[in-house]
Amino acid sequence: DITERIIIASKGRFDRARSVAQRAKDHLPNGITMPTDDFMALTLDVWSIQPESARRVGHPAPFPVELPEQLIRLLTADRRLTNAAAEWVRVLELAPKHVVGWQQLGETLGQLGNRSDALRAYENALAIRPDFVEASLGMGLILGEMGKFPEALGHIDTALKYSPKHIQGQVNRGVIL
């Protein structure tokens, strides 16, 4: 068996956990931002992640990008967005063509209010894959927040061109209009 493992364990003693109100009072992360089922799947299950090919990646010890993706999802679930953004940057240093990584970095930076860097991240995603709907929608939302409504609408319309029935895209278009 030539596998690698990362083990995140708990003693199962949740009686010492602080309440949400106490965590907020202490300025600690205190809100889960993903559906409970997704959070439980990330924390109570074994992740099956296919190995990456050293030949394809051109690195003697490659790691599957899905691994840090899952770990970063845990950070963003707990609103540790600054940590999540830093981890996405590290992933992208190792895998600069990871289109979902650029999109997720853009989303995280946007949530942190760092619009200019979020736009650059979305631009990188779209440079790799111009038809990436989520990146076009994210860019449209950031541009809308900046008051650049014609540009925002252009990106949202581009996303809807590739995925006309995308519900969030239609909602975003309505918000911009």
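Residues Leu109 and Arg120 fail the side-chain proximity criterion, which asks for heavy atoms closer than 4.5 Å. Residues Trp102 and Lys97 are not in side-chain contact: their nearest non-hydrogen atoms beyond the backbone lie 4.5 Å or more apart.
If you chain together hydrophobic residues whose side chains sit under 4.5 Å apart, Val171 and Ile156 never meet in one group. Hydrophobic cluster membership differs between Leu160 and Leu126, with clusters built from Ile, Leu, Val, Met, Phe, Trp and Tyr side chains linked at under 4.5 angstrom. At a threshold of 4.5 Å between side-chain heavy atoms, the hydrophobic network of Ile, Leu, Val, Met, Phe, Trp and Tyr places Leu119 and Trp88 in one connected group. Leu141 and Met146 sit in two unconnected hydrophobic clusters of ILVMFWY residues. Membership requires side-chain heavy atoms under 4.5 Å apart, directly or through other members.
Checked for salt-bridge contact, Arg90 and Glu87 meet the test: a charged N lies under 4.0 Å from a carboxylate O.
Counting heavy atoms of neighbouring residues, nucleotides and ligands inside a 6.0 Å radius, atom CG of Leu177 exceeds 12 of them.
Closest heavy-atom contact between Glu123 and Met139: CG-CE, 3.2 Å. Contact detail for Ile142 and Gly110: the closest heavy-atom pair is CD1-CA, 3.7 Å. Ile176 and Ala152 make their closest contact through CD1-CB, 4.1 Å (heavy atoms, listed as atom of the first residue, atom of the second, distance).
Note: Leu112 CG to Glu107 CD = 11.0 Å, rounded to the nearest 0.5 Å. To the nearest 0.5 Å, atoms CG (Leu105) and CG (Asn114) are separated by 9.0 Å.
Applying the side-chain hydrogen bond (donor to acceptor under 3.5 Å, both in side chains) rule to pairs touching residues 147-162 yields Asp157-Arg173, sequence neighbours excluded.
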Let me have the donor-acceptor pairs involving side chains of residues 129-137, under 3.5 Å, with sequence neighbours excluded, atom names and distances please.
unit_1 : atom_1 : unit_2 : atom_2 : d
Arg129 : NE     : Asp131 : OD1    : 3.1
Glu134 : OE2    : His166 : NE2    : 2.9

